[in-house]
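A short worksheet on the structure shown next.
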Amino acid sequence: MITWRSIARTFQRHHAPLRAQVRQLSLLEHHSHNLLKEFKIPVPPGFLVKTPEKAKEVVSVLNGPSMIKAQVLAGGRGKGKFNSDGQSGVRLVESPNEAFRNATNMLGYYLTTAQTPQDGLRVDELYIYKAVSIAQEFYFAMTFDRQRAAPVLLISSAGGTNIESNMDNLHKLYFGLSTGITDEIDAYIQAELGFSDAEMKDIHRILVQMLKLFKEKDATLLELNPLVRSGEGEFICLDAKFGFDDAARYRQKELFGLEERSPEQEEEHQLAELGLNYVRLEGNIGNIVNGAGLAMATNDLISLHGGKCANFLDVGGSTTKEALSRAFRILKNDQRIRGILINIYGGIVRCDMIAEAIVAAAAEMGGFKCPVVVRLQGTNAEKGLKLIEQSELDNLVVEPEFEKAAQMIVKETPRVD
């Protein structure tokens, strides 16, 4: 049976632009630090600010060199650039006045990194914490090895950005959730990373607390990177990345209440709240279909005739006119979309109801601003087509033939290089 999960897997293999259909909880850095503090994993003192004046005040309170970090859901902030002054999203400041100047050039501006949209992400919050003198950076993580169906501890003496180029030096230590961090694991880590006996006591405490967090919060990934040894010999986590089991949402309501979503994830979230299945792609033709199999076929035909899909939006068999109208509004706000194909084979969902939603959405939005091709077949198709014809909507045409409808929307959609 074709399902939306199978679509996601298929496109991940054959179409690199597909976004993951399974949503993951994403936490901003200040939430991550608060979670680490809750489980007594050491982090530097830090504060969230939303104004340059507050940034100046915080650095004055910290009374020393401080790190200022843009709070956006994207990696590579340290190598990114703001559209204000061309500087990065991670900055070291030495004084309150310097904090004020930098915050002025960060708040309200857009940061572009390798993981953001082309125009970047707007920054409205900054996390400021006291800078730490770093003697060495380490990488510590817990996750699940799905092939072995077992939790695994990953460690490396090359933390921070160095971990990406030192994957061969990553040590894998399998353990049991019930047995935890054993003496054998401690002995291996101490031998490989060269910790003293005193340092190993601190590392053991951190590992025990990591495991406690991992289990109690239904985590699938807990990554401390970097975990640093300061110039004073203390171990402090400067940054962390988490993954949580989405199926545990009902158990972890407080945690999932912290969820931050990128603009792309917000689209998916809103549509999921309406009971609509959504997969985001990287083209410029929006699709509204009913059924996973029809979605696959629609994408294939559009690709065959030279077009690229911006999304799949499956209205299923039990959607409402109100939900469809809101879905049209969400597609309208997607700046990438230059054309829309509505391809419905009526069964449980009636074609006349789809037609009513199309007309209502067009009236509410002041008409369609891009070409829209509609194909209706099945239950009440004739009634639906008549409703659309009587509406005399601009930029909208009806084509009952599947392949001709795909050809038409590709032809009518302006190309974007």
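Computed over heavy atoms, backbone and side chain alike; hydrogens, waters and symmetry mates excluded.
Side chain of Thr220 to main chain of Gly243: a donor-acceptor pair is present (N/O by atom type, distance under 3.5 Å, no hydrogens or angles). Between the side chain of Thr116 and the backbone N or O of Thr113, at least one donor-acceptor pair lies under 3.5 Å. Of the possible polar contacts, none joining the Glu234 side chain to the Ser230 backbone as a donor-acceptor pair under 3.5 Å is found. Put simply, the side chain of Lys215 gets close to the backbone of Leu177: a donor and an acceptor are under 3.5 Å apart. In this structure, the side chain of Glu401 does not engage the main chain of Glu403 through any donor-acceptor pair within 3.5 Å. Side chain of Asn311 to backbone of Asn287: a donor-acceptor contact under 3.5 angstrom is found. Of the possible donor and acceptor atoms, one in the side chain of Asn284 sits under 3.5 Å from a partner among the backbone N and O of Pro414. Proximity of a side-chain donor or acceptor of Gln252 to a complementary backbone N or O of Glu216 within less than 3.5 Å is detected. Remark: the backbone N or O of Glu98 is paired with a side-chain donor or acceptor of Ser95 at under 3.5 angstrom. Here the side chain of Ser60 pairs no donor or acceptor atom with the backbone of Lys56 at under 3.5 angstrom.
In this structure, Glu392 CD and Asp394 CG are separated by 9.0 Å, a value rounded to the nearest 0.5 Å. Note: Lys383 NZ to Leu385 CG = 12.5 Å, rounded to the nearest 0.5 Å. The line from CG of Leu111 to CZ of Arg77 is 8.5 Å long, rounded to the nearest 0.5 Å. Taken to the nearest 0.5 Å, the CG atom of Leu48 stands 10.5 Å off from the CD atom of Glu29. Ser32 contributes atom OG, which lies 11.0 Å from atom NZ of Lys241 (distance to the nearest 0.5 angstrom). Considering CD of Gln118 and OH of Tyr110, their distance stands at 14.0 Å, rounded to 0.5 Å.
Using a 4.5 Å heavy-atom cutoff, the side chains of Ile285 and Ile337 are not in contact. At a threshold of 4.5 Å between non-hydrogen side-chain atoms, the residues Phe402 and Leu294 count as touching. The closest side-chain heavy-atom distance from Thr143 to Val152 is below 4.5 Å. Side-chain contact between Phe138 and Ile155 is absent, with no heavy-atom pair separated by less than 4.5 Å. At a threshold of 4.5 Å between non-hydrogen side-chain atoms, the residues Ile128 and Phe47 do not count as touching. Taking 4.5 Å as the limit, some side-chain heavy atom of Val228 sits within range of a side-chain heavy atom of Val132. At least one side-chain heavy atom of Met210 sits less than 4.5 Å from a side-chain heavy atom of Ile41. Glu382 has its side chain out of reach of Lys386: every pair of non-hydrogen atoms, C-beta onward, lies at least 4.5 Å apart.
In the displayed structure, Phe175 atom CZ is contacted under 6.0 Å by more than 12 heavy atoms of other residues, nucleotides or ligands. Residue-environment remark: NZ (Lys217) exceeds the threshold of 12 foreign heavy atoms within 6.0 Å. Annotation for Tyr345: atom OH does not count as buried by contact number, only 12 or fewer foreign heavy atoms lying within 6.0 Å. Heavy-atom neighbours of Lys37 NZ from other residues, nucleotides or ligands within 6.0 Å: above the threshold of 12.
Looking at every heavy atom in both residues, Gly286 comes nearest to Ala310 through N-CB, 4.3 Å. Looking at every heavy atom in both residues, Ile302 comes nearest to Cys309 through CD1-SG, 3.9 Å. The minimum heavy-atom distance linking Thr413 with Gly339 is given by the pair OG1-CA, 3.7 Å. For the residue pair Leu92 and Pro65, the shortest heavy atom distance occurs at CD1-CB, 4.1 Å. The minimum heavy-atom distance between Asp85 and Asn105, with the atom names listed, is OD2-CB, 3.3 Å. Between Gly283 and Arg336 the shortest heavy-atom distance is O-NH1, 3.7 Å.
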Would you list the atom pairs, donor with acceptor, under 3.5 Å between side chains in residues 365-381 and any protein atom, with sequence neighbours excluded?
unit_1, atom_1, unit_2, atom_2, d
Lys369, NZ, Gly366, O, 3.2
Arg375, NE, Pro400, O, 3.1
Arg375, NH1, Asn343, OD1, 2.8
Gln377, NE2, Pro400, O, 3.2
Thr379, OG1, Gly347, O, 3.3
Asn380, ND2, Asp352, OD1, 3.2

Phe214 vs Phe144, ring pair (Phe, Tyr, Trp, His ring centres under 6.0 Å): CA-CA, chis, key distance, verdict: CA-CA 11 Å; Phe214 192 76; Phe144 285 102; 5.2 Å; yes

Evaluation steps, side-chain contact (heavy atoms from CB on, under 4.5 Å), between Asp239 and Lys69: CA-CA 11 Å; Asp239 203 354; Lys69 292 189 174 183; 4.3 Å; yes

Test side-chain contact (heavy atoms from CB on, under 4.5 Å) applied to Glu38 and Asn34, step by step: CA-CA 6 Å; Glu38 178 185 341; Asn34 288 336; over 6 Å; no

Pair Leu224-Phe235, side-chain contact (heavy atoms from CB on, under 4.5 Å): steps then yes or no: CA-CA 11 Å; Leu224 308 185; Phe235 288 96; over 6 Å; no

Candidate pair Glu223 and Phe140, rule side-chain contact (heavy atoms from CB on, under 4.5 Å), full reasoning: CA-CA 6 Å; Glu223 182 181 79; Phe140 277 41; over 6 Å; no

Stepwise salt bridge (Lys or Arg N to Asp or Glu O under 4.0 Å) check, Glu399 with Lys404: CA-CA 7 Å; Glu399 175 50 61; Lys404 288 183 180 179; 5.4 Å; no

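Classification of Asp218 and Arg251 as a salt-bridged pair holds, one side-chain N sitting under 4.0 Å from a carboxylate O. Of the charged side-chain nitrogens involved, at least one lies within less than 4.0 Å of a carboxylate oxygen, so that Lys54 and Glu57 count as a salt-bridged pair.
The cationic atom of Arg122 (NZ for Lys, CZ for Arg) does not lie both less than 6.0 Å from the six-membered ring centre of Tyr109 and within 45° of the ring axis.
A side-chain donor from one of Asp145 and Tyr174 sits under 3.5 Å from a side-chain acceptor of the other. Between the side chains of Asn102 and Arg91, at least one donor N or O sits under 3.5 Å from an acceptor N or O.
A side chain to side chain donor-acceptor pair (under 3.5 Å) with Tyr127 is found for exactly one of His33, Gln71, His30, His31, namely His33.
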